[in-house]
Amino acid sequence: MHAYANPCQAVRESASSIVQDASLVSICEDKIEQLAGSLDAATIEAGVYDHALHFWDPERPELVAQYLLAVDALNFCFWPSEVELEYEHLAGGLKRAVLADPSALDAARLAAIDGPGVRVLLGWAAPLPLEAERARLLREVGSALLELYGGLAANLVRAAGQSAVQLVRLVTAAFPGFRDHCVYRGRQLFFYKRAQIFVGDIWGAFRGQGLGAFADIDQLTMFADYRVPVVLRELGVLRYAPALAEAVDSRQELAAGSQEEVEIRAATVEAVEQLRRAMQARLAAEGRAEQRLNSVLLDWALWEEGEAKRKSHRPHHRVLTVYY
Ligand SMILES: Nc1nc2c(c(CN[C@H]3C=C[C@H](O)[C@@H]3O)cn2[C@@H]2O[C@H](COP(=O)(O)O)[C@@H](O)[C@H]2O)c(=O)[nH]1
């Protein structure tokens, strides 16, 4: 376990400390100010989680939580697939599996799953990228749920006592596969992409009510992965040193844990934190005391923008990893 009392604060501090020492990726603060002025806060605040794409049944909140934990156990590294594998295949595949058989994601079944079993769950005919790892991570989730939470993701969520930070802590404590961290210039630093996106998904699915009620949802950072850095780079907020720009644009794989990778992820987290603060300051200046804006909503808005423009934007960086 990390020594931080608050794992989300650990991500923020990690990102800002990396950005201070970074030499390959930089943040253009003028562009952040510009962006803060051009984005419509009300639209971002109204951002909603997609109930049609994901499994959703208000009568079965426990199954929704089980489903989202399985989604986010597998929510990483789709890009190596030869046939284009996307997030919607994961969310939609597991949704169909649960609708066909509500016991498909029972902890005991997850604890015994193998690679071909994951393929069946997703309804994906070809081998999945990092398939053996995907199966191992689901087994880890299944067996830790059985050992610690009576087999139910909903019990894990309840154990956090309506705290997003506490839920990130419990997820990273229970499942080693969610301990997304790196060592940068000798320091151990944290991103916790899948742990945080799981909490964001629970919040979004339940619209901040019931299992999704978190008093401190504003503590989460954005989810450091592939699409948001592309959007920020296209907007001129992130700048890559020439050799890194060339490597990313020519779709070269970066080594997991490399300086290149870590600086991209850190700068993305830090830029979204700066953007959030700049937008919040503007809202406060306009006299808006009640603000819903947070880094999850900003992440969703930027991610969706990147998904919509994926064909016209430059490529995302590529890393073989289970963390994102
Ligand atoms: N930062 C960030 N990354 C996100 C998401 C989501 C989907 N979240 C849903 C949850 C609530 C909302 O309704 C969203 O629709 C997926 N990803 C990541 O993208 C990659 C897959 O991309 P592609 O191959 O192009 O589909 C992969 O690394 C996956 O982990 C997000 O929200 N933020």
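Whatever order the structure lists them in is the order used to number ligands and atoms, beginning at 1.
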Taking salt bridge (Lys or Arg N to Asp or Glu O under 4.0 Å) as the cut-off, I'd like each qualifying pair that reaches into residues 87-107, sequence neighbours left out, listed once.
Asp101-Arg109
Decide if atom CD of Glu29 counts as having more than 12 heavy atoms of other residues, nucleotides or ligands within a radius under 6.0 Å.
no
Tell me the residues surrounding ligand 1, counting only those with a heavy atom closer than 4.0 angstrom, sorted by chain and number.
Tyr49, Asp50, His54, Asn75, Phe78, Leu85, Glu86, Tyr87, Lys193, Ile197, Asp201, Phe223, Asp225, Tyr226, Arg227, Asp299, Trp300, Trp303, Glu307, Arg310
Is Val228 close to Phe223 at the side-chain level, that is, under 4.5 Å between some pair of heavy atoms?
no
Any chance the rings of Phe206 and His51 have centres within less than 6.0 Å?
no
When you compare the side chain of Leu275 with that of Leu39, does any pair of heavy atoms fall below 4.5 Å?
yes
Might you work through the salt bridge (charged side-chain N to carboxylate O under 4.0 Å, His left out) test for Glu131 and Arg136, ending with a clear yes or no?
CA-CA 9 Å; Glu131 184 173 279; Arg136 183 186 67 80; over 6 Å; no
